[in-house]
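This report refers to the structure that appears directly beneath it.
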Amino acid sequence: MTPRRVNTESWPVRLLLCVLALGFLFFFLGLPLLSVFVEAFKQGFGPYFEALCDADTRSAITLTLVIAVMVLPLNILFGLSAAWAIARFDFRGKSLLITLIDLPFAVSPVVAGLLFILIFGRQGFLGDWLGAHDIKIIFALPGMVLATMFVTVPYIARELIPLMQAQGRDEEEAAVSLGASGLQMFWRVTLPNIKWGLLYGVILANARAMGEFGAVSVVSGHIRGMTNTLPLHVEILYNEYNSVGAFAAASVLALLALVTLVAKTIVEWRMAREIAMLSADLSIENPAVAAKS
Amino acid sequence: MSIEVKNISKRFGNFVALDDVSLEIPTGELVALLGPSGCGKTTLLRIIAGMESASAGTVMFHGEEATNVPTRERQVGFVFQHYALFRHMSVFENVAFGLRVKPRGERPSEKQIRERVMHLLSLVQLEWLADRYPSQLSGGQRQRIALARALAVEPKVLLLDEPFGALDTQVRKELRRWLRHLHDEMHIASVFVTHDQEEALEVADRVVVMNKGHIEQIGSPDEVYSAPATPFVYRFLGNVNVFRSRVHGTWAEIDRAPEPGSKDEALAFVRPHDIDIQREASADALAARIVHIQAIGPQVRVEVEHQGEIFEVDLTRERHEQLALAEGETVWLRPRALRVFQGEQLVDAQTFDLGAGI
């Protein structure tokens, strides 16, 4: 018999809360997601794949992937170094760094895009110099990479900082006392301990990088087949009343979201196990654990 | 290999963690750094390991300066309070780690690694756990694996930071004995940090008592217990009764409170088991009233009140039965051994006079 819980809400309250939550989820997430696919397949599979094979759509998909591939390694590098610095050392300006990492969350993406125009645009700080040396940043790939970098920078660092702080320095110091070099310590001890957290951050950053609209829109210039990412392309097609094309492109993004969700869930599950392992009470004798397995 | 620490100081901002500490540890000795938390003992251990840099002073390993040698070249085995086992590696891989990260030229073959690891695991009597992961082990098993891992690289010095601090009493006792045994077989210098006086007195060849960043006393377990060099050591190691007293010449008058601030003011320290209770008054005894009697294990603790202060007397069970004491009655306390301190200074006052007694 399950123990009767006394201090719980009565069943009508529970039912009401469940219906509210699930209803909200259905109307604001399930229904729109469903309608994307319904609209995309409205005229059957043929037109859907035709729309996807359109040269401009394909180049938009390619550009989106290229930007993600360029942005993610830089993000990993920055995320790791920032998390390492914050979790492992004390230095002046540490709290400032922690605050600044969150800045992209607080700033509207459009403002972020405008920032880059102000710096690299023709009338911007570096405009003359860039023009003189024939370097194009705004309305070109570098600008879009920069804008995407800006909006995705917090994800990996924010995932790693609490994880590395919780793990502490002990294992790394143990590795060093056993004769490991800095690189050996990183590959054999640090990285295996944070790999799930890192992957989690990468998944989130990737989803954001591929889906970013505002910041990229400002610096892209919307040149079809050249500087159009998938989200921008969806807008263009929709404004041209090409609803099948727009929703076909949108369905790719929606699919990406679903894949991200699944990947995120798997990684979350692995991370929860890792954290349980980490916080498994090391301080007291636990013969039950020792006897098991 | 011997360790020598010379005039080490360490500051964290304004906080002085270590203040001009010097210490010598010859090969083969097992030394305990004992002190309350925050006394700098762990900092000293970490400086010896090279995990913390000293603000001033030098560390010598076997007569060679090692102050600026990085940890990984110091050949120290370090055992952490919370074991710090690599949690994503099996027990076998944990112990093998130090061998696997050796430079290619010195790295043993896979077969040699296997033999060495299994030998170490049999040394700590845990061969059967080789394929387990740290999270599947009990605390005591983890600590033994951590030791095996530290010993794998054949360290010249073994450093242990509160090695048994997180274990329960039974396991702790067993591991202590086992560490002592292991140390005797290895012929290396070992240093362990502890705040548990019983642990230090039971395991170590020599005890270094620390307080507020400096060393109070270095000595054998017997020396630090029966002849404490400072009032702090007296209070930290075991129970002690403190009587106000005054000193003139080689005489210490117990229980004659001097005017505050006068230069003959002193304190007399007596262990509870160094006091005898008698029924008759005598020149060397103090009158006191029994407040409470309680049997604690092999001893009987008698709490007595003397001039508004409570003192403790530990009697053997035989003595207690002999005396047949009752709460509330007035008896006479006669100290068998005591030491008198003026401030931090030990006063050579062998003869004493219990002033107010007569």
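Labels below follow one simple rule: chain letters A, B, ... track the order of the sequence lines, proteins then strands, and each chain is numbered from 1. Computed from a prediction, not measured in an experiment: that's the story for all the values here.
With contacts defined as side-chain heavy-atom distances shorter than 4.5 Å, the pair B:F86/A:L178 qualifies. Side-chain atoms of B:M89 and A:P192, non-hydrogen and from C-beta on, never get closer than 4.5 Å to each other.
Contact annotation for A:Q184: only side-chain heavy atoms (C-beta onward) come within less than 4.5 Å of a heavy atom of chain B. Interface remark: A:R188 contributes backbone and side-chain atoms alike to the contact with chain B (heavy atom separation under 4.5 Å).
The nearest pair of heavy atoms linking A:A180 to B:R72 is O-CD, 3.3 Å. The nearest pair of heavy atoms linking A:A174 to B:A84 is CB-O, 4.0 Å. Minimum interatomic distance between B:H88 and A:N193 (heavy atoms only, all atoms of both residues): ND1-OD1, 3.2 Å.
More than 12 heavy atoms of other residues, nucleotides or ligands shown are found within 6.0 angstrom of CE on B:M186. Counting non-hydrogen atoms of other residues, nucleotides and ligands closer than 6.0 Å to CZ of A:F105 gives a total above 12. Sparse packing is recorded around CZ of A:F125, with 12 or fewer heavy atoms of other residues, nucleotides or ligands lying under 6.0 Å away.
Here CE of B:M51 is found 11.5 Å from CD of A:E172. Values are rounded to the nearest 0.5 Å.
When B:R149, B:Q170, B:Q81, B:E73 are compared by the number of non-hydrogen pairs under 4.5 Å with chain A, B:R149 comes out ahead. For the set B:L85, B:V79, B:L99, the entry with the most heavy-atom pairs within less than 4.5 Å of chain A is B:L85.
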